[in-house]
Amino acid sequence: MGDNKGPVEGCFQLMGGAFANAGTASSELKIVLTNLGVPQDITRRAAIAAFEAEMNVIIHAIAGTLHYEITPERIHIDITDMGPGIEDIELAMREGYSTAPDWVREMGWGAGMGLPNIRKNADTFKIDSVPGEGTTLEIDIFLSGGRNADNK
Amino acid sequence: MELGKVVELLGGTVVVSKKDGAFDITAVCTTDMMSDVLRFARRGELLVTSLNQPQVIRTAEIADIPVVVVVLGKKIGKEMIEMAEKMSITLLSTSLPMFTVCGMLYAKGLKSCVNGR
Ligand SMILES: Nc1ncnc2c1ncn2[C@@H]1O[C@H](COP(=O)(O)OP(=O)(O)O)[C@@H](O)[C@H]1O
Ligand SMILES: [Mg+2]
């Protein structure tokens, strides 16, 4: 990755409610990072953060995009959706807080651990939301000089 | 613990077997909530679940979990099998309930994924 080929980028469309393909974008990102030789711990953190964010669009929003850009310094992931947005971000960031309906919980989602775990795995994390319009997440994971949390 | 030993111990069936699957499992994550796997499980652990959804396999792949055990003989559908094949996740099935599976693995010295507690 030290060469001058410029950033590696990718963009995926996400559809609310589309559980059958849910996670495809994050799996693809994981493959790209692995092929670039990014250390396993960092790849795993990026994949987990991306996956939780991707699932939030599938579960809570109508439609969105996941875009990533990888440079020698960092993995940048931004996830934007059109959807209900989040009224109280502080509350949504709390472990265990979830508005997911029962049928989502029956599929294994809705533990209310997603947003806090995204923040935990990210080196920088930004969330913006406009109720009634949508939500944007920006996640950076450093490839050089960052910590190595690996979910400990 | 080797995969073969796990299968033998649980009287399980190997539904999907990863080709070069030489494992040494030392810790176990047990949950039906995918975000708990993503939060608490660590690389290389065994996941025990009663959830028979393809999303379990996706989650295992994202979290670097090589082996998934589905308990209570829950029917494992075509989609889940196909996803395990595609993602090289070893998928086991056992008719035993969650409690018994965990008790047996615990008795063999395997640890929990939550800081060994
Ligand atoms: N993209 C989103 N659009 C609307 N609401 C969201 C979005 N992401 C998260 N939320 C809200 O924040 C809550 C907590 O999110 P999270 O921690 O991922 O838990 P979970 O998804 O398991 O409910 C959700 O239950 C939901 O109310
Ligand atoms: Mg979530």
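Just so it is clear: chains get the letters A, B, ... in the order the sequence lines come, proteins before strands, and each one is counted from 1. As the structure is a prediction and not an experimental result, all values here were calculated from the model.
Note on M15(A) and V57(A): separate hydrophobic clusters, where clusters join Ile, Leu, Val, Met, Phe, Trp and Tyr whose side-chain heavy atoms are under 4.5 Å apart, directly or indirectly. Note on I31(A): it does not cluster hydrophobically with L143(A), by side-chain heavy-atom contacts below 4.5 Å among ILVMFWY residues. In the hydrophobic clustering of this structure, M82(A) does not group with L66(A); members are Ile, Leu, Val, Met, Phe, Trp, Tyr whose side-chain heavy atoms approach within less than 4.5 Å, directly or through other members. By the rule that hydrophobic residues join a cluster once side-chain heavy atoms approach within less than 4.5 Å of another member, L72(B) and M98(B) end up as members of one cluster. When hydrophobic clusters are built by joining Ile, Leu, Val, Met, Phe, Trp and Tyr residues whose side-chain heavy atoms come closer than 4.5 Å, directly or via intermediates, M80(B) is not grouped with M33(B).
Here CD1 of I62(B) is found 10.0 Å from CD of E52(A). Values are rounded to the nearest 0.5 Å. With values rounded to the nearest 0.5 angstrom, S26(A) atom OG is found 8.0 Å from R58(B) atom CZ. Distance check: L38(B) CG to M55(A) CE gives 10.0 Å after rounding to the nearest 0.5 Å. The line from CZ of R39(B) to CD1 of I48(A) is 10.0 Å long, rounded to the nearest 0.5 Å.
Contact count against chain B (heavy-atom pairs under 4.5 Å) is highest for A22(A) among A111(A), A20(A), A22(A).
For the residue pair F19(A) and Q55(B), the shortest heavy atom distance occurs at O-NE2, 3.4 Å.
Inter-residue side-chain proximity for M87(B) and S27(A) is flagged as met; some heavy-atom pair is nearer than 4.5 Å. Within the 4.5 Å cutoff, no side-chain heavy atoms of N117(A) are placed close to those of F40(B).
With a 4.5 Å cut-off on non-hydrogen atoms, T43(A) does not touch chain B at all. Of the two parts of T31(B), neither the backbone nor the side chain holds a non-hydrogen atom closer than 4.5 Å to a non-hydrogen atom of chain A. Contacts between Q53(B) and chain A at a heavy-atom distance below 4.5 Å involve the side chain alone, from C-beta outward. If you measure heavy-atom distances from E95(A) to chain B, the contacts under 4.5 Å come from the side chain alone. Within the 4.5 angstrom heavy-atom criterion, only side-chain atoms of L51(B), from C-beta onward, approach chain A.
By the 6.0 Å contact criterion, CD on E79(B) is open, its count of non-hydrogen atoms from other residues, nucleotides or ligands being 12 or less. The environment of E82(B) atom CD is dense: over 12 non-hydrogen atoms of other residues, nucleotides or ligands sit within 6.0 angstrom.
Formation of a donor-acceptor pair under 3.5 Å by the D64(B) side chain with backbone atoms of R44(A) is not found in this model.
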